[in-house]
Chemist: 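The structure follows.
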Amino acid sequence: MDTNQINHVLVVEDDKEIREGVEIYLRSQGYEVFQAADGVEGLEVIEKEEIHLAIVDVMMPRMDGIQMTIKLREKHDFPVIFLSAKSEEVDKILGLNMGADDYVTKPFTPMELLARVNSQMRRYRKFLEKLGGKDKGVNVHTIGGLEINEDSVEVFVDGEAVKMTPIEYKILLLLMKNPGRVFSAEEIYERVWNERAVNTDTIMVHVRNIREKIEINPKDPKYLKVVWGVGYKIEKQP
């Protein structure tokens, strides 16, 4: 895949005005845009077209954004940005826990949404470039039964492959390359997102998702530890 051609955005939103307004703005910025009015239509578009990022409304008829994202995550790892009419943190956390990479709260400005889209697209390009760079020497980090391969962009737990989103992978890689070192949520955000930390709530959610995937008992983690009041670390293993 030519990472210079990654610009296909799917907008899934039951409000026609919002959907078309987002399309007009993204097209003016060089993106190719596909539309869907609900989650069922959204999944149909994903089956037919090569999509590189989806903007998905949470509340929709037939199939909501959360159910749609759960379904698409079974096969696809492109970024998902949720649109939510509610601003409560619980909705944001729920959205991220269901496989979304970011969220925007309505009402939003076109510039705000574009900034999120551009940011996610940059990360996705880098993720795919890494994925394609298999001719390099193997660069593997192993801690106990946890293994991360930078060249193939793969994570293994006790020999079993574990599927990670690009954000989860980058957070885990940062921590595994520095075993025992505690990183604050702000530092993780700035290293992974490559921008100043303004809202670090998402780090807690991503850490919880990573734990669900790599720990036998996420409530009593062996690898990914919280240092209360300070941050997160990957525990060195004997």
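Everything numeric in this text was worked out from a predicted model, so none of it was measured. FYI, the numbering just counts along the sequence from 1.
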Chemist: Side chains of I234 and L224: does their closest heavy-atom pair fall under 4.5 Å?
Modeler: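 A side-chain contact exists here, since the closest heavy-atom pair is under 4.5 Å.
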Chemist: Can you confirm whether V58 sits close enough to I66 that some side-chain heavy atom of one is under 4.5 Å from a side-chain heavy atom of the other?
Modeler: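 They are in side-chain contact.
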Chemist: Taking the side chain as C-beta and beyond, is there a heavy-atom pair between F108 and V22 under 4.5 Å?
Modeler: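 When only atoms from C-beta onward are counted, V22 and F108 do touch, with a gap below 4.5 Å.
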Chemist: Is there a path of hydrophobic side-chain contacts, each under 4.5 Å between heavy atoms of I, L, V, M, F, W or Y residues, that connects V230 with V192?
Modeler: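 No, separate clusters.
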Chemist: Testing the basics here: between G39 and V12, what is the closest heavy-atom pair and its distance to 0.1 Å?
Modeler: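 Closest pair (atom of G39, atom of V12, distance): N-CG1, 4.1 Å.
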Chemist: Does some side-chain heavy atom of E150 sit less than 4.5 Å from a side-chain heavy atom of Y169?
Modeler: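 They are in side-chain contact.
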Chemist: Please tell me whether L172 and F156 are part of a single hydrophobic cluster in this structure, the criterion being side-chain heavy atoms less than 4.5 Å apart.
Modeler: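 No; tracing contacts between hydrophobic side chains, which count when under 4.5 Å, never links both residues.
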Chemist: Side-chain heavy atoms under 4.5 angstrom apart, residues restricted to Ile, Leu, Val, Met, Phe, Trp, Tyr: same cluster for I70 and L53?
Modeler: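 Yes, same cluster.
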Chemist: Tell me which one of V80, L26, V104 satisfies side-chain contact (heavy atoms from CB on, under 4.5 Å) with I55.
Modeler: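 Only one of V80, L26, V104 forms a side-chain contact (heavy atoms from CB on, under 4.5 Å) with I55, namely L26.
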Chemist: Provide the closest heavy-atom pair for W193 versus S119 in the form atom of the first, atom of the second, distance.
Modeler: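 In terms of heavy atoms, the two residues are closest at CD1-OG, 4.3 Å.
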Chemist: Any idea which heavy atoms bring A37 and M60 closest together, and the distance?
Modeler: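 Heavy atoms only, the tightest pair is O-SD, 4.0 Å.
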Chemist: Compare all side-chain heavy atoms of P166 with those of R123 and state whether any distance is below 4.5 angstrom.
Modeler: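 No - every pair of side-chain heavy atoms lies 4.5 Å or more apart.
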Chemist: Is any side-chain heavy atom of D102 closer than 4.5 Å to a side-chain heavy atom of I167?
Modeler: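 No; the side chains remain at least 4.5 Å from each other.
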Chemist: Mind checking whether Y124 and F127 have parallel, tilted or perpendicular rings, split at 30° and 60°?
Modeler: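 The rings of Y124 and F127 lie parallel, inter-plane angle below 30°.
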Chemist: Counting neighbours of NZ on K71 that are heavy atoms of other residues, nucleotides or ligands and sit closer than 6.0 Å, is the number greater than 12?
Modeler: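 Atom NZ in K71 is not packed in, count stays at 12 or less.
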Chemist: Kindly indicate whether the side chain of H141, heavy atoms from C-beta on, has any atom under 4.5 Å from the side chain of I143.
Modeler: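 Side-chain contact under 4.5 Å: no.
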Chemist: Closest approach of R122 and E195, non-hydrogen atoms and distance?
Modeler: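 Answer, listing the atom of R122 first, then E195: NH2-OE1, 4.1 Å.
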Chemist: Take T202 and Y103, measure what side chain to side chain contact (heavy atoms under 4.5 Å, CB included) needs, and give me the verdict at the end.
Modeler: CA-CA 10 Å; T202 58; Y103 58 84; 4.0 Å; yes
Chemist: Passes salt bridge (Lys or Arg N to Asp or Glu O under 4.0 Å), R208 versus E212? Steps please.
Modeler: CA-CA 6 Å; R208 190 172 69 199; E212 291 288 339; 5.9 Å; no
Chemist: Got a list of side-chain donor-acceptor pairs under 3.5 Å for residues 176-183, not counting sequence neighbours?
Modeler:
from, atom 1, to, atom 2, distance (Å)
N178, ND2, L174, O, 2.8
R181, NH2, E187, OE1, 3.2
R181, NH2, E187, OE2, 2.5

Chemist: Is there a path from V56 to V33 through hydrophobic residues (I, L, V, M, F, W, Y) whose side chains come within less than 4.5 Å of each other?
Modeler: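 Hydrophobic grouping puts V56 with V33.
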Chemist: Which side chain to side chain donor-acceptor pair (under 3.5 Å) pairs, counting each pair once, include a residue from residues 32-44, with sequence neighbours left out?
Modeler: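 Every pair satisfying side chain to side chain donor-acceptor pair (under 3.5 Å) with a residue in residues 32-44: H8-E32, R19-Q35, E23-Q35, D38-R62.
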Chemist: Find out whether I188 and H206 are in side-chain contact, i.e. whether some heavy atom of one side chain is under 4.5 Å from a heavy atom of the other.
Modeler: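 Side chain of I188 against side chain of H206, heavy atoms only: no contact under 4.5 Å found.
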Chemist: Do you know the tightest heavy-atom contact between M121 and H52?
Modeler: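 Minimum heavy-atom separation between M121 and H52: CE-CB, 4.0 Å.
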Chemist: Please confirm whether the backbone N or O of D14 pairs with a side-chain atom of D57, one donor and one acceptor, at under 3.5 Å?
Modeler: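 No, D57 side chain to D14 backbone: no donor-acceptor pair under 3.5 Å.
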Chemist: Are I216 and V226 co-members of a hydrophobic cluster defined by side-chain heavy atoms under 4.5 Å apart?
Modeler: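 Hydrophobic grouping puts V226 apart from I216.
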Chemist: Do you know which two heavy atoms are closest between L114 and Y31, and how far apart they sit?
Modeler: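 That would be CD1-CE1, 4.0 Å.
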